[in-house]
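Here the structure is laid out as structure tokens; the discussion comes afterwards.
Order of the sequence lines sets the chain letters (A, B, ...), proteins ahead of strands, with each chain counted from 1.
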Number of protein chains: 2
Amino acid sequence: MTSEPNLLAVIQRQLNELNKSEAKVAQAILNAPEEATRSSIASLAAAAGVSEPSVNRFCKRFGATGFPDFKLQLATSLASGVRYVSRAVEFSDDINTFPTKLFDNAINALMTAKEELPLKAIARAVDQIAQARRVYFFGLGTSAAVARDAEHKFFRFNVPVFTHEDPLMQRMLAASAGVGDLFFFISHTGRTKVLVEAAEIARQTEATIVSLTAEGSPLADKSHCCINVKVEEDTEQYLPMTSRLVQLVILDVLAAGVTLRRGEGFTPHLARIKDSLKDTRFQTS
Amino acid sequence: MTSEPNLLAVIQRQLNELNKSEAKVAQAILNAPEEATRSSIASLAAAAGVSEPSVNRFCKRFGATGFPDFKLQLATSLASGVRYVSRAVEFSDDINTFPTKLFDNAINALMTAKEELPLKAIARAVDQIAQARRVYFFGLGTSAAVARDAEHKFFRFNVPVFTHEDPLMQRMLAASAGVGDLFFFISHTGRTKVLVEAAEIARQTEATIVSLTAEGSPLADKSHCCINVKVEEDTEQYLPMTSRLVQLVILDVLAAGVTLRRGEGFTPHLARIKDSLKDTRFQTS
DNA sequence: GCTCATTATGTAGTAAATTTACAAATATTC
DNA sequence: GAATATTTGTAAATTTACTACATAATGAGC
């Protein structure tokens with residue numbers, strides 16, 4: 001992938017270094033980029049008022065092998081530009097608009113997070129979870145639900161897993177920790193006092209502290225390993241929406257990482273857990 | 001924007017409805033999408049082992065005017081960087097591949113869900129939640145965490161919200177329900193016996209039953225309103241990954257819907273709730 | 001201001017790629 | 001098992017893109 005992030009910007013920038021007919025082509029493309037991706041070399045040449053080979057030369061000047069290749073690059077750069085805009089729900093929205101907006105925001109958050117995945121921290125966290133004798137998932141508010149979800153995933157690895165929403169329980173468990181215990185803190189801001197305090201207490205023991213939170217936050221400072229999640233939560237919104245989705249997928253990643261660590265021989269164990277649910281369900285007719 | 005957000009997902013989904021040679025073309029494209037955008041109709045036909053017109057027909061089947069137009073759409077959908085559809089994690093994967101796969105799967109699930117959003121059911125559910133005097137969110141296993149998350153959202157609307165993971169509590173609460181009570185059941189399969197039974201019990205009262213589950217499932221049959229979520233969970237995977245993400249976003253949508261219903265005058269109330277958390281956090285330096 | 005060299009642009013032909021029309025092959029129905 | 005519908009391929013037509021070359025424009029040196 002050698003293609004420029006934004007072809008239109010490149011064209012714009014070089015506009016005055018182009019000779020007459022190339023400039024005409026550039027102008028025609030800048031005027032109607034989407035249309036340019038769909039038109040033939042002949043129609044674009046006509047639109048710009050130049051000959052076809054001029055268009056072709058223009059394309060080669062911008063690194064393309066020819067006109068079709070140029071169109072491809074143009075289409076690609078147009079597509080990636082539009083995507084990353086999260087739109088807030090407004091009171092003027094109706095049923096046809098706001099659900100789509102929320103889904104778009106969620107998708108954007110995951111796409112953004114995917115691009116800046118802290119792989120090193122993730123790998124390290126997988127190591128530490130795989131080695132732990134006991135794992136505690138602690139979160140409050142929305143993150144409590146995330147912790148609960150994590151509990152439902154990680155118990156499968158033959159390691160005792162605990163969650164507690166009660167800050168007092170969290171403190172006490174943190175205080176009584178020892179070697180092999182792993183505390184996994186989940187917090188979007190990383191500034192929730194009672195949670196940070198619990199982390200502080202745990203840190204004074206032999207336990208390992210891993211956190212899924214914002215880099216540079218008080219909670220991150222208390223951790224041996226911090227998985228930094230960059231999610232720009234819409235501050236106008238009164239409900240945290242997207243950050244917890246990213247957290248959940250990160251936890252999926254960690255769970256998958258531990259599974260891979262356990263190796264292929266571990267699948268029968270997972271299969272057994274899955275099968276245990278069979279009788280709790282109505283069979284498909 | 002008339003172009004599909006994710007052409008590959010669409011192709012993948014329709015794979016078994018295609019005839020032989022079209023399926024071959026589909027496979028060739030899914031195997032090497034980037035290459036397909038760069039190749040001519042002849043080389044793609046050769047790669048798929050079919051004739052050129054077959055490739056052309058394939059393109060038209062997916063809404064393109066022809067092969068070049070199809071390539072354009074494909075390039076556009078690839079530009080987002082989201083790779084294949086539902087690629088299972090394999091034991092040969094390493095830290096550089098499996099996290100991306102999981103994120104892609106999550107993104108794809110949300111994109112697919114977004115395309116087939118049951119807006120009518122959502123609107124109806126918003127109505128019913130907005131009118132309810134009391135709301136119970138019930139789910140088990142992974143869905144229990146989703147229910148918990150919902151609780152953290154919906155209490156903001158001045159309506160008493162309850163969650164219980166205990167099936168016995170769920171039964172008893174269902175039995176003692178009356179007018180104005182709303183039971184919101186969350187279940188990916190819609191076949192979990194104890195949950196369906198609770199729904200059945202609730203249905204015998206004056207309460208309203210809303211469910212977020214699979215259409216046509218026993219749970220859906222017991223509901224006044226069923227929000228159908230089509231998520232093809234990878235059955236080889238031992239952990240439910242993507243369905244709960246879609247459920248969470250749907251619940252966000254419902255919460256947003258209720259907020260819009262309450263109207264602009266409701267924002268101070270939400271602001272007050274948000275402000276109440278201020279003192280629980282360490283201030284940003 | 002003229003000539004030569006250089007660069008820029010267009011014309012026309014050619015090659016390649018795409019599409020259409022039609023025929024053969026395959027599957028489906030009664 | 002014949003008749004019909006569907007699928008697939010062949011070959012020709014058409015569109016599209018590229019190359020080679022010619023002409024026009026520009027600019028430098030005298």
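Note: CZ (A/Arg38) to P (D/dT16) measures 15 Å, nearest angstrom. Rounding to whole angstrom units, CZ of residue A/Arg61 and C1' of C/dT7 are separated by 12 Å. Here the P atom of nucleotide D/dC18 and the CG atom of A/Leu44 are 12 Å apart, to the nearest Å. Going from atom CD of B/Glu52 over to atom P of C/dC22 covers 19 Å, rounded to whole Å. Separating the CZ atom of A/Phe58 from the C1' atom of C/dA8 is a distance of 16 Å, rounded to the nearest angstrom. Rounded to whole angstrom, the span from the CZ atom of A/Phe70 across to the P atom of D/dA17 amounts to 13 Å.
Ranking D/dT10, D/dC18, C/dG10 by closeness to the B/Pro53 side chain, first place goes to D/dT10. For A/Ser21, the side-chain atoms get nearest to C/dT9 when compared with the rest of C/dT9, D/dC18, D/dT16. Which of C/dT18, D/dC18, D/dT8 sits closest to the side chain of A/Asn56 comes down to D/dC18. Closest to the side chain of B/Ser40, out of D/dA17, C/dT18, D/dA20, is C/dT18. Minimum atom distance to the side chain of B/Ile41 is reached by C/dT19, of the listed D/dT8, C/dG10, C/dT19.
Within 4.0 Å of B/Lys24, counting heavy atoms only, lies no atom of the nucleic acid at all.
Annotation: of the two residues near DNA chain C, B/Lys71 and B/Lys20, the 5′-most nearest-nucleotide partner is B/Lys71. Checking B/Ser51 against A/Asp69, the closest nucleotide of DNA chain D that is more toward the 5' end is the one next to B/Ser51.
The residues A/Asp149 and A/Arg244 are annotated as not salt-bridged, no charged nitrogen and carboxylate oxygen being separated by less than 4.0 angstrom.
Residue A/Ser54 has a polar side-chain atom (N or O) positioned under 4.0 Å from OP1 or OP2 of C/dG10. Residue A/Asn19 places none of its side-chain N or O atoms closer than 4.0 Å to OP1 or OP2 of C/dT7.
Pairing each heavy atom of B/Gln247 with each of B/Ser187, the nearest pair is NE2-C, 4.0 Å.
With sequence neighbours left out, the ring-ring contact (aromatic ring centres under 6.0 Å, His included) criterion links A/Phe98 to no other residue.
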Passes side chain to side chain contact (heavy atoms under 4.5 Å, CB included), B/Ile250 versus B/Leu212? Steps please. CA-CA 9 Å; B/Ile250 296 260; B/Leu212 182 51; 3.8 Å; yes
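At most 12 non-hydrogen atoms from other residues, nucleotides or ligands lie less than 6.0 angstrom from CD of B/Glu35.
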